[in-house]
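The first residue in the sequence is number 1, and the count goes up from there.
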Amino acid sequence: MTSPSAKAAREALAALDPRLPLHARLREALTERLRGGEWSPTEPLPAEAELAQDYRVSLGTMRRVLTDLVDEGLLERRQGNGTYLRRMQAQNSLFRFFRHYRQGDQVPASRILARETEPAPADVARALGKRAGARALRLHRVRLYDGEPFLAEDIWLPLPTFAPLRDVGLDEIGDLLYPVYERLCGQVVGAADEELWVELADDPVAELLGCSPGEPVVVVERVARTHSGTPVEVRRSRGLASTFRYRVEIR
């Protein structure tokens with residue numbers, strides 16, 4: 001007997017443009033399911049043979065499509081444990097932009113200084129796909145190495161999606177936010193865009209970073225999205241230009 005999910009999978013595949021090669025249609029059909037949240041990063045996809053049977057395609061075709069999605073960064077293979085929706089490794093971008101000789105690859109400590117519900121600034125609301133004046137949860141925090149602040153951050157999160165994060169104790173949040181987004185709010189960050197520029201530190205930023213007002217700081221603005229492309233976070237991180245290093249791998 002054909003399962004409802006297998007029947008829906010075949011119908012979705014059949015609805016795609018028949019002029020496209022089978023592997024291209026299959027990749028599009030699987031991508032839609034992945035972006036639609038059918039599987040989470042904590043549960044493996046069905047086995048290749050099961051998926052191939054659901055779509056009535058050869059095992060070789062299914063394996064090729066899954067390999068393409070791994071290469072594109074949408075999926076990841078965990079040795080001996082299956083294929084999973086890929087989590088964004090957000091700490092990699094932190095180390096790419098703000099690295100100096102003392103830091104290494106350790107996760108920095110975080111301290112939330114303020115957690116407030118307020119109207120999002122117009123540009124933030126626009127980036128989150130919200131109307132002007134929409135209320136958001138703002139986290140104001142500092143990141144530290146060996147007790148010394150090196151990043152000042154403002155983070156805006158749309159409400160009511162992130163209301164659970166507003167109400168939980170600060171001791172339950174920890175140093176990394178994305179696992180908390182998933183655990184408390186059911187939001188998995190799959191991708192992000194980042195833009196950077198240089199500005200002069202105002203008094204509050206200077207006080208947090210231990211520098212003089214007017215000293216150059218590098219601003220990294222990130223708009224994080226789910227796998228379906230929904231924006232769920234706007235983050236502005238400010239660090240001293242004197243410790244700024246840029247490193248990127250081009251392959």
**Request:** Kindly indicate, with the supporting measurements, whether the criterion side chain to side chain contact (heavy atoms under 4.5 Å, CB included) is fulfilled by Leu139 and Leu177.
**Result:** CA-CA 11 Å; Leu139 304 180; Leu177 290 175; 4.2 Å; yes
**Message:** Salt bridge check, Asp175 against Arg143: does any charged N sit closer than 4.0 Å to a carboxylate O?
**Reply:** no
**Asked** Can Leu208 and His140 be said to form a side chain to side chain contact (heavy atoms under 4.5 Å, CB included), step by step?
**Response** CA-CA 11 Å; Leu208 278 178; His140 180 54; 3.6 Å; yes
**Asked** What's the shortest heavy-atom distance between Gly133 and Pro119, and which atoms?
**Response** O-CB, 3.8 Å
**Message:** Between the side chains of Glu32 and Arg25, is the shortest nitrogen-to-carboxylate-oxygen separation below 4.0 Å, so that they form an ion pair?
**Reply:** no
**Asked** Is it true that Arg222 and Glu195 make a salt bridge, defined as a side-chain N closer than 4.0 Å to a carboxylate O?
**Response** no
**Arg64 side, atom CZ; Leu22 side, atom CG - distance, nearest 0.5 Å** = 9.5 Å
**Request:** Check step by step if side chain to side chain contact (heavy atoms under 4.5 Å, CB included) holds for Leu66 and Glu48.
**Result:** CA-CA 8 Å; Leu66 292 175; Glu48 293 176 347; 3.4 Å; yes
**Request:** Could you go through the side chain to side chain donor-acceptor pair (under 3.5 Å) check for Arg141 and Ser110 one step at a time?
**Result:** CA-CA 7 Å; Arg141 73 173 184 171; Ser110 298; 3.3 Å; yes
**Prompt:** According to the interplanar angle, ranging from 0 to 90°, do the rings of Phe162 and Tyr181 count as parallel (below 30°), tilted (30 to 60°) or perpendicular (above 60°)?
**Reply:** perpendicular
**Prompt:** Under the side chain to side chain contact (heavy atoms under 4.5 Å, CB included) criterion, do Arg115 and Ile173 qualify, and how do the steps go?
**Reply:** CA-CA 12 Å; Arg115 178 176 51 174; Ile173 295 178; 4.1 Å; yes
**Message:** Looking at Glu207, I want to see if its CD is surrounded by more than 12 non-hydrogen atoms of other residues, nucleotides or ligands under 6.0 Å.
**Reply:** no
**Request:** Answer with yes or no whether the side chains of Tyr178 and Glu233 bring together a donor and an acceptor at under 3.5 Å.
**Result:** yes
**Message:** I'd like to know if Arg138 and Asp154 make a salt bridge, using a cut-off of under 4.0 Å between side-chain N and carboxylate O.
**Reply:** yes
**Prompt:** Below 4.5 Å, heavy atoms only, C-beta onward: do Pro41 and Glu182 meet side chain to side chain?
**Reply:** yes
**Request:** Kindly indicate whether a cation-pi arrangement holds for Arg77 with Tyr84, taking the cut-offs as under 6.0 Å to the six-membered ring centre and within 45° of the axis.
**Result:** no
**Asked** Could Glu72 and Arg27 be called an ion pair, given the rule that one side-chain N must be under 4.0 Å from one carboxylate O?
**Response** yes
